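This report refers to the structure that appears directly beneath it.
Because the structure is predicted, anything quoted here is derived from the model rather than measured.
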Amino acid sequence: MAVSSCSFTLSPRAFNPYSSFECRPDPDFSSAPIGDKPRLASSRRVTASSLYAGGISSRGLSSLIFRFPPNFVRQLSIKARRNCSNIGVAQIVAASWSNGPAPDSPLAAAASAQAAAAAVTATVTNDGAAVEGCIDNGSVQIGGSDNSTTTFLSSDGSITVHAGERLGRGIVTDAITTPVVNTSAYFFKKTQELIDFKEKRHQSFEYGRYGNPTTVVAEEKISALEGAESTLTMASGMCASTVMLMTLVPAGGHMVTTTDCYRKTRMFIENFLPKMGISVTVIDPADVDGLEAALNKNKVSLFFTESPTNPFLRCVDIERVSKLCHSKGALVCIDGTFATPLNQKALALGADLVLHSATKFIGGHNDVLAGCISGPEKLITEIRTLHHILGGTLNPNAAYLIIRGMKTLHLRVQQQNSTALRMAEVLEAHPRV
């Protein structure tokens, strides 16, 4: 079991109960105003004789072997609340029992006085409680950015730079760039806060696979650009595609896709979905009559296609196929990786979901793998539920690279569009014979 960072000085032959050891200093929050960085208390030298004075004669040498370093119970208590762990609670009980002085020892009275003082200093406020020196300075705020009150987000370029960040991001900081929050777990200051979170009365992050402040910024930026209610980022574009397909097409269901499609996506659709009893109709991207026939013949759950397609860059009439599918109760998901949200607004054209391999244009620097899917909150929540089970979580460092890449997305797309127009002009002026 890992304990605090302590280096014990041991005799080479036998355990010395009076050996001295260094213990990591604890943060001193007592005089730190809200928002200030905590100051660390100075390191101190502690001897075993000073720790266990009064308890040796009554408990004996053997009990000293099982004693824990100072503040270990408090540290375990914090760890248990962070991880919501029954094992952590058991460790607290064990440490308290092992370290507890004899009832008639001087340490018993001191421990009682310390506990009473801690109870008195635990201050309850309207926002919650400051427990064991923890100050609620709002270091992490959950909740979406309020983009509705802004007036300067009138262009996609402004959205790619500012959305999700300067407009109320969930990380309170004066830094211009969004911080990278590298953590796998989050803590709750007290049991009641955890209960309120589980019963939907308190908003918080819980575990790294379920959400991260840095990742939320990337998702809000993409949502603003796509005009979507919600966005979910994942570890890759294929992860987004497969999780979406497994969520929205039920076992024994039917879906429609197109012949021109990313090869690995086709492999998953043709080789893995049939194992779940899912049948597939494959049509040409321009074959609207074939789509209508499939909709009439089968109970289609989903029409999934790329536009532009990979690799032949064929475009689908999104508005037309969306109206046709919706009339038959089928959902429409468009993979818009090659278009980017700047050149194509699939949701505005009628699609239910839009998917991107953010590895490509959105990332923009060939140094990150990521995928995202945007759409109405209801559908994204369904996909998120399965995603939390399967994993494929986007690393916060990768999320930061996506945020950075989107800041220059509009410039790169404009350059690409200008190049494409020039090529079209050249081909028009010099047609092949």
Side-chain angles (χ1 to χ4, degrees), residues 145 156-157 159-165 169 177-178 180-181 208-209 211-245 247 261-265 268 304-311 313 333-347 351 353-375 379-380 383-384 387-388 390-416:
S145 302
D156 286 343
I159 291 175
T160 58
V161 175
H162 299 298
E165 298 190 82
R169 64 180 166 211
T177 56
T178 295
V180 179
V181 182
R209 195 168 72 249
N212 177 278
T214 308
T215 304
V216 166
V217 171
E219 291 172 344
E220 291 184 350
K221 189 181 288 289
I222 296 170
S223 291
L225 198 56
E226 287 285 8
E229 290 181 3
S230 182
T231 293
L232 175 61
T233 55
M234 300 189 201
S236 68
M238 274 303 302
C239 182
S241 298
T242 55
V243 174
M244 181 273 300
L245 291 171
T247 301
C261 179
Y262 179 54
R263 186 169 62 92
K264 295 297 183 181
T265 305
F268 180 80
F304 175 60
T305 184
E306 300 166 2
S307 185
T309 61
N310 180 2
L313 303 181
C333 180
I334 301 295
D335 184 336
T337 297
F338 280 9
T340 79
L342 276 73
N343 281 336
Q344 177 177 275
K345 306 288 187 183
L347 299 180
L353 295 165
V354 59
L355 183 147
H356 293 277
S357 172
T359 307
K360 312 303 189 301
F361 284 111
I362 290 179
H365 294 81
N366 301 310
D367 56 4
V368 62
L369 292 175
C372 62
I373 185 165
S374 305
L379 290 177
I380 297 299
I383 299 170
R384 182 179 283 112
H387 167 60
H388 288 173
L390 298 178
T393 306
L394 183 66
N395 184 279
N397 294 279
Y400 177 81
L401 294 179
I402 294 300
I403 295 168
R404 179 206 62 181
M406 291 192 67
K407 290 180 183 294
T408 58
L409 176 63
H410 62 292
L411 298 177
R412 288 182 278 112
V413 171
Q414 286 175 2
Q415 183 179 21
Q416 170 192 282

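- Between the side chain of Q344 and the backbone N or O of G336 there is no donor-acceptor pair closer than 3.5 Å.
- With sequence neighbours excluded, the residues forming a side chain to side chain contact (heavy atoms under 4.5 Å, CB included) with L411 are Q414, listed by chain and number.
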(request) Report the C-alpha distance between L353 and I383 in whole Å, list the side-chain angles of each, state the deciding distance to 0.1 Å, and finish with yes or no for side chain to side chain contact (heavy atoms under 4.5 Å, CB included). (result) CA-CA 11 Å; L353 295 165; I383 299 170; 4.1 Å; yes
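- Here A351 pairs with I318, S322, V332, I334, A346 under the side chain to side chain contact (heavy atoms under 4.5 Å, CB included) rule; sequence neighbours left out.
- Of the possible polar contacts, none joining the H356 side chain to the V354 backbone as a donor-acceptor pair under 3.5 Å is found.
- Between L409 and F361, the shortest heavy-atom distance links the atoms CD1-O, 3.4 Å.
- Considering only residues two or more places apart in sequence or on other chains, R412 meets the side chain to side chain donor-acceptor pair (under 3.5 Å) condition with T408.
- L225 has its side chain within reach of L342: a pair of non-hydrogen atoms, C-beta onward, lies under 4.5 Å apart.
- Listed by chain and number, the residues in a salt bridge (Lys or Arg N to Asp or Glu O under 4.0 Å) with K360 amount to none (sequence neighbours excluded).
- Taking every heavy atom of both residues into account, A228 and G375 meet most closely at CB-N, 3.7 Å.
- Residues in residues 335-345 take part in these salt bridge (charged side-chain N to carboxylate O under 4.0 Å, His left out) pairs, two or more places apart or across chains: D156-K345.
- To the nearest 0.5 angstrom, N310 atom CG is 3.5 Å from F338 atom CZ.
- Nearest heavy-atom pair, G363 versus V368, reported as atom, atom and distance to 0.1 Å: CA-CG1, 4.2 Å.
- When all heavy atoms of C239 and G391 are compared, the pair lying nearest together is SG-O, 4.5 Å.
- Of the inter-residue distances, the one linking L355 atom CG with S241 atom OG reads 4.5 Å to the nearest 0.5 angstrom.
- With sequence neighbours excluded, no residue satisfies side chain to side chain donor-acceptor pair (under 3.5 Å) with T242.
- Among residue pairs with one or both ends in residues 397-406, those qualifying as salt bridge (charged side-chain N to carboxylate O under 4.0 Å, His left out) are D367-R404; sequence neighbours excluded.
- With sequence neighbours left out, T393 forms a side chain to side chain contact (heavy atoms under 4.5 Å, CB included) with R209, H387.
- A pairwise comparison of heavy atoms in S223 and S230 identifies OG-C, 3.4 Å as the closest pair.
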(request) Please lay out, stage by stage, how M238 and Y262 fare under the test side chain to side chain contact (heavy atoms under 4.5 Å, CB included). (result) CA-CA 10 Å; M238 274 303 302; Y262 179 54; 3.8 Å; yes
(request) Check the pair T233, I402 against side chain to side chain contact (heavy atoms under 4.5 Å, CB included), reporting the backbone distance first and the verdict last. (result) CA-CA 10 Å; T233 55; I402 294 300; over 6 Å; no
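- Shown here for I222 and S374, the closest heavy-atom pair between the two residues is CG2-OG, 3.7 Å.
- Atoms CD1 and CE, on I362 and M406 in that order, are 5.5 Å from each other to the nearest 0.5 Å.
- For K264, the side chain to side chain donor-acceptor pair (under 3.5 Å) criterion is met by no residue, not counting sequence neighbours.
- Taking 4.5 Å as the limit, some side-chain heavy atom of T214 sits within range of a side-chain heavy atom of I403.
- By the side chain to side chain contact (heavy atoms under 4.5 Å, CB included) test, T309 pairs with D260, P285, E306, F312, R314, sequence neighbours left out.
- Not a single donor-acceptor pair under 3.5 Å links the side chain of S236 to the backbone N or O of A370.
- Under the rule for a side chain to side chain donor-acceptor pair (under 3.5 Å), the partners of N343 that lie at least two apart in sequence or sit in another chain are N417.
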(request) Please report the C-alpha distance between T231 and E226 in whole Å, then the side-chain angles of each, then the deciding distance to 0.1 Å, and finally whether the side chain to side chain contact (heavy atoms under 4.5 Å, CB included) criterion is met. (result) CA-CA 9 Å; T231 293; E226 287 285 8; 5.7 Å; no
